[in-house]
Amino acid sequence: MASSIRVRGTSNGDITEVQALIQHPMDTGLVKDSKGELIPAHFIQELKFECNGKDVFVADWGTAVSKDPYVKFSFKGAKKGDELKISWTDNKGGSDTTTAKIA
Amino acid sequence: MTTTPKPHPTRRLILQGAASVALLGLGNLPFAAPARAAANDKYPEEAFKQKSEADAIKALYGKTAEPSDKVKLDAPEIAENGGVVPISVTTTLDKVTSISFFVAENPFALAASYKIPDGTIPAVANRLKMARTTRLTAIVEADGKLYSATKEVKVTVGGCGG
């Protein structure tokens with residue numbers, strides 16, 4: 001199955017810039033569907049980026065993060081070819097993990 | 001299967017947390033860490049449940065923030081679609097350990113909280129939902145203190161669907 005995570009890490013010497021786009025409905029639990037029934041909350045709670053065995057960025061998310069979330073950050077201490085590992089878990093126990101090489 | 005085990009707090013800490021929660025009569029939330037959630041690894045469940053911005057900040061950090069011009073919050077003046085509002089924050093402060101976003105007029109004020117480990121640049125960009133025209137607050141935790149920046153965002157179509 002295709003991964004829900006699309007990620008790109010680009011090294012520019014000292015600093016690695018990471019952009020990630022995740023496919024997830026991020027339902028708030030406050031919106032009704034066409035039949036007038038509430039769509040239960042379904043959203044990513046934790047998103048973690050690791051590189052060389054160290055957490056480089058950890059996100060705790062609530063329902064106010066947009067559908068198909070996007071996030072961008074930068075960190076030091078990695079080089080081209082290093083592996084970046086990304087994982088998320090949502091409020092229903094769903095999760096996904098992927099890895100990407102820093103370019 | 002491929003997930004790495006998280007560095008988890010000591011058993012004693014978990015028991016303490018569970019005990020204090022049980023004392024409050026909220027036994028259904030054994031993992032809700034008492035305040036200062038940003039200081040540990042657990043998902044700050046309680047903070048995300050607070051409706052007002054002040055309560056959410058209190059639940060997340062247990063202290064208040066002071067406005068600072070060293071925190072730069074970038075958001076559109078007018079958001080045509082409240083469902084997707086691009087927000088970013090950068091700061092020139094040192095020793096940043098976390099960055100959080102609060103949307104005052106949303107049903108639950110806390111939108112996102114990011115931990116910034118050593119070596120990570122204290123800047124983050126993401127996209128948030130906004131129910132209506134609102135005040136947006138970014139809080140940067142640096143060297144144990146909280147600094148904030150706020151901005152009004154006009155929302156023409158709310159992000160609550162329907």
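Here is how names work: the chains are called A, B, and so on, in the same order as the sequence lines, proteins then strands, and each is numbered from 1.
Grouping the Ile, Leu, Val, Met, Phe, Trp and Tyr side chains by contacts below 4.5 angstrom, directly or via other members, places A:Phe73 with B:Leu93. Hydrophobic clustering (ILVMFWY, side-chain heavy atoms < 4.5 Å, transitive): A:Leu47 and A:Val7 are in one cluster. Under the 4.5 Å side-chain contact rule for hydrophobic residues, A:Val58 and A:Tyr70 do not share a cluster.
Interface remark: A:Phe43 contributes side-chain atoms only to the contact with chain B (heavy atom separation under 4.5 Å). Only the backbone of A:Asp68 comes within contact range of chain B, judged by heavy atoms closer than 4.5 Å. Using a 4.5 Å cut-off between heavy atoms, A:Lys67 touches chain B through its backbone atoms (N, CA, C, O) alone.
The closest side-chain heavy-atom distance from B:Val124 to A:Phe57 is below 4.5 Å.
Ring-plane geometry between B:Tyr114 and A:Trp61 is classed as perpendicular, the angle between the planes exceeding 60 degrees on a 0 to 90 degree scale with a lower cut at 30.
Residues B:Lys129 and A:Val65 come closest through the heavy atom pair CE-O, 3.0 Å. B:Pro107 approaches A:Leu30 most closely through the heavy-atom pair CG-CD1, 3.4 Å.
Expressed to the nearest 0.5 Å, how far CD of A:Glu46 lies from NZ of B:Lys42 amounts to 7.5 Å.
Taking a 6.0 Å sphere around NZ of A:Lys54, one finds it holds more than 12 heavy atoms contributed by other residues, nucleotides or ligands. Environment of CG in A:Asn52: crowded, with over 12 heavy atoms of neighbouring residues, nucleotides or ligands closer than 6.0 Å. The number of heavy atoms from other shown groups lying within 6.0 Å of NZ (B:Lys145) does not exceed 12.
Contact count versus chain B (heavy atoms, under 4.5 Å) is highest, among A:Ala59, A:Ala64, A:Ala78, A:Gly77, for A:Ala64. Listed options B:Asn126, B:Ile99, B:Leu128 were ranked by heavy-atom pairs under 4.5 angstrom with chain A; first place goes to B:Leu128.
Side-chain N or O atoms of B:Thr120 include one that pairs as donor or acceptor with a backbone N or O of A:Val56 at under 3.5 Å.
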Review point. Salt bridge (Lys or Arg N to Asp or Glu O under 4.0 Å) between A:Asp60 and B:Lys115: does it pass, once the steps are laid out?
Key: CA-CA 8 Å; A:Asp60 289 325; B:Lys115 295 182 190 96; 2.9 Å; yes
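Proximity to chain B among residues 15-25 of chain A is limited to A:Ile15, A:Leu21, judged by heavy-atom separations below 4.5 angstrom.
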